[in-house]
K.L.:
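Got a structure here, written out as structure tokens. Questions coming.
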Amino acid sequence: MTPRLALEPLRAEHAREAFPVFDDVRLHTWTGGEPSSLAELQARYTRQSAGRSPDGSQGWLNWMLRRTEDGRLAGTVQATLYRAENGELEASLAWVIGVEHQGRGYAREGAQAMAAWLRTRQVSVLAAYIHPEHAASAGVARALGLTPSDTLVDGETRWSTSGH
């Protein structure tokens with residue numbers, strides 16, 4: 001919970017309410033792809049709400065961001081947890097805010113709440129993969145204390161607390 005957002009663990013039932021928030025091609029400007037159908041979103045949420053990858057190698061945290069002022073869904077924050085090669089627990093963070101709710105600091109607020117929670121659970125490194133031209137997400141990463149590296153994965157720059 002933050003002053004303006006309730007963070008709810010993802011459930012398959014969120015799909016129907018979330019569909020209109022995420023059914024916007026503009027959300028894919030930096031990541032590619034296209035909006036999911038309602039059925040695809042329900043299937044994805046069912047998989048993700050399991051909390052781990054099918055092989056158990058990754059933990060999945062997916063939280064819906066609900067505005068406390070009116071109860072509307074604004075977006076989501078996510079963390080994929082895994083053991084790095086050095087044995088440290090690392091979290092790869094992501095955030096998506098519906099176009100109607102962008103520019104109000106919800107991504108930063110939700111991501112900061114998730115990062116704070118992860119830090120209390122022995123997560124050593126926080127990371128995010130951000131398109132080099134996506135200034136808003138770079139701002140969120142900076143607010144989390146992440147710095148960009150020279151590492152590119154699928155055209156996105158790796159930002160992290162580890163510096164690499």
K.L.:
So which heavy atom on A15 is nearest to which on L38, and how close?
P.N.:
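Here A15 and L38 meet closest at O-CD1, 3.7 Å.
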K.L.:
Identify the heavy atoms of G110 and V77 that sit nearest to each other, and give their distance.
P.N.:
C-CG1, 3.7 Å
K.L.:
Is the W63 to W117 ring centre distance short of 6.0 Å?
P.N.:
yes
K.L.:
Just wondering, are more than 12 heavy atoms of other shown residues or ligands nearer than 6.0 Å to CG in D154?
P.N.:
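Open.
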K.L.:
With the 4.5 Å side-chain cut-off for hydrophobic clustering, are Y45 and L7 part of the same group?
P.N.:
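No, Y45 and L7 fall in different hydrophobic clusters.
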K.L.:
Quick one: do R44 and S36 satisfy side chain to side chain contact (heavy atoms under 4.5 Å, CB included)? Show the steps, please.
P.N.:
CA-CA 9 Å; R44 181 178 330 123; S36 299; 2.4 Å; yes
K.L.:
I'd like to know whether CZ of R108 has more than 12 heavy-atom contacts from other residues, nucleotides or ligands below 6.0 angstrom.
P.N.:
no
K.L.:
Between CE of M114 and CD of Q112, what distance do you get to the nearest 0.5 Å?
P.N.:
13.0 Å
K.L.:
Do the side-chain N and O atoms of T2 and E109 include a donor-acceptor pair separated by under 3.5 angstrom?
P.N.:
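There is such a pair between these side chains.
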K.L.:
Taking the hydrophobic residues Ile, Leu, Val, Met, Phe, Trp and Tyr, and joining any pair whose side-chain heavy atoms are under 4.5 Å apart, which ones share a cluster with V25?
P.N.:
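Once heavy-atom contacts under 4.5 Å are chained together, V25 still belongs with nothing else.
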K.L.:
State, to 0.1 Å, how close S160 and S162 come at their nearest heavy-atom pair, and which atoms those are.
P.N.:
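Minimum heavy-atom separation between S160 and S162: OG-OG, 3.0 Å.
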K.L.:
Applying side chain to side chain contact (heavy atoms under 4.5 Å, CB included), run through Y82 and S57 and close with a yes or a no.
P.N.:
CA-CA 7 Å; Y82 53 92; S57 66; over 6 Å; no
K.L.:
Please answer whether the main-chain N or O of G71 pairs with a side-chain N or O of R67 as donor and acceptor at a distance below 3.5 Å.
P.N.:
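No: the side chain of R67 does not pair with the backbone of G71.
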K.L.:
Looking at R52, I want to see if its CZ is surrounded by more than 12 non-hydrogen atoms of other residues, nucleotides or ligands under 6.0 Å.
P.N.:
no
K.L.:
Rounded to the nearest 0.5 Å, how far apart are CZ of R4 and CG of L65?
P.N.:
10.5 Å
K.L.:
Roughly how far apart are D23 CG and E34 CD, rounded to 0.5 Å?
P.N.:
10.5 Å
K.L.:
Specify the closest pair of heavy atoms between S53 and W60, including all atoms of both residues, with the distance to one decimal.
P.N.:
CA-CZ2, 3.3 Å
K.L.:
About how many Å separate CG of L10 and CG of L61, when rounded to the nearest 0.5 Å?
P.N.:
11.0 Å
K.L.:
Report yes if the side chains of L81 and L118 come closer than 4.5 Å at any heavy-atom pair, otherwise no.
P.N.:
yes
K.L.:
Between the side chains of E90 and R158, is the shortest nitrogen-to-carboxylate-oxygen separation below 4.0 Å, so that they form an ion pair?
P.N.:
yes
K.L.:
Step by step, work out the side chain to side chain contact (heavy atoms under 4.5 Å, CB included) result for H14 and E8.
P.N.:
CA-CA 10 Å; H14 279 117; E8 302 175 1; 2.7 Å; yes
K.L.:
Taking the side chain as everything from C-beta on, heavy atoms only, tell me whether S92 gets closer than 4.5 Å to Y129.
P.N.:
yes
K.L.:
Does atom CZ of R16 have more than 12 heavy-atom neighbours from other groups under 6.0 Å away?
P.N.:
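Open.
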K.L.:
What closest approach, in Å, do T68 and M1 show between heavy atoms, and which atom pair accounts for it?
P.N.:
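Closest approach of T68 to M1: CG2-CE, 4.0 Å.
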K.L.:
Between R11 and M64, is any pair of side-chain heavy atoms under 4.5 Å apart?
P.N.:
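Result no, sub-4.5 Å side-chain heavy-atom pair not found.
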K.L.:
Considering only heavy atoms from C-beta outward, does the side chain of L126 approach that of T161 to under 4.5 Å?
P.N.:
yes
K.L.:
Let me confirm one number: the CG-CD distance from L5 to E69, rounded to the nearest 0.5 Å.
P.N.:
9.5 Å
K.L.:
Where is the tightest heavy-atom contact between V21 and L73, given as atom of each residue plus distance?
P.N.:
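Minimum heavy-atom separation between V21 and L73: CG2-O, 3.7 Å.
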K.L.:
Is any side-chain heavy atom of L27 closer than 4.5 Å to a side-chain heavy atom of V99?
P.N.:
yes
K.L.:
Which is it for R72 and E100 under the side chain to side chain contact (heavy atoms under 4.5 Å, CB included) test, yes or no, and what are the steps along the way?
P.N.:
CA-CA 11 Å; R72 294 179 59 205; E100 174 183 349; 2.5 Å; yes
K.L.:
Just so I know, are the side chains of Q102 and I97 near enough to count as touching, which here means a heavy-atom distance under 4.5 Å?
P.N.:
yes
K.L.:
With the side chain counted from C-beta on, respond yes when W95 and L144 share a heavy-atom pair under 4.5 Å apart, and no when they do not.
P.N.:
yes
K.L.:
Do V123 and V125 sit in the same hydrophobic cluster, where Ile, Leu, Val, Met, Phe, Trp and Tyr count as joined when their side-chain heavy atoms come under 4.5 Å apart?
P.N.:
no
K.L.:
Any salt bridge (charged side-chain N to carboxylate O under 4.0 Å, His left out) involving residues 119-146? Give me the pairs, sequence neighbours left out, ordered by first then second residue.
P.N.:
none
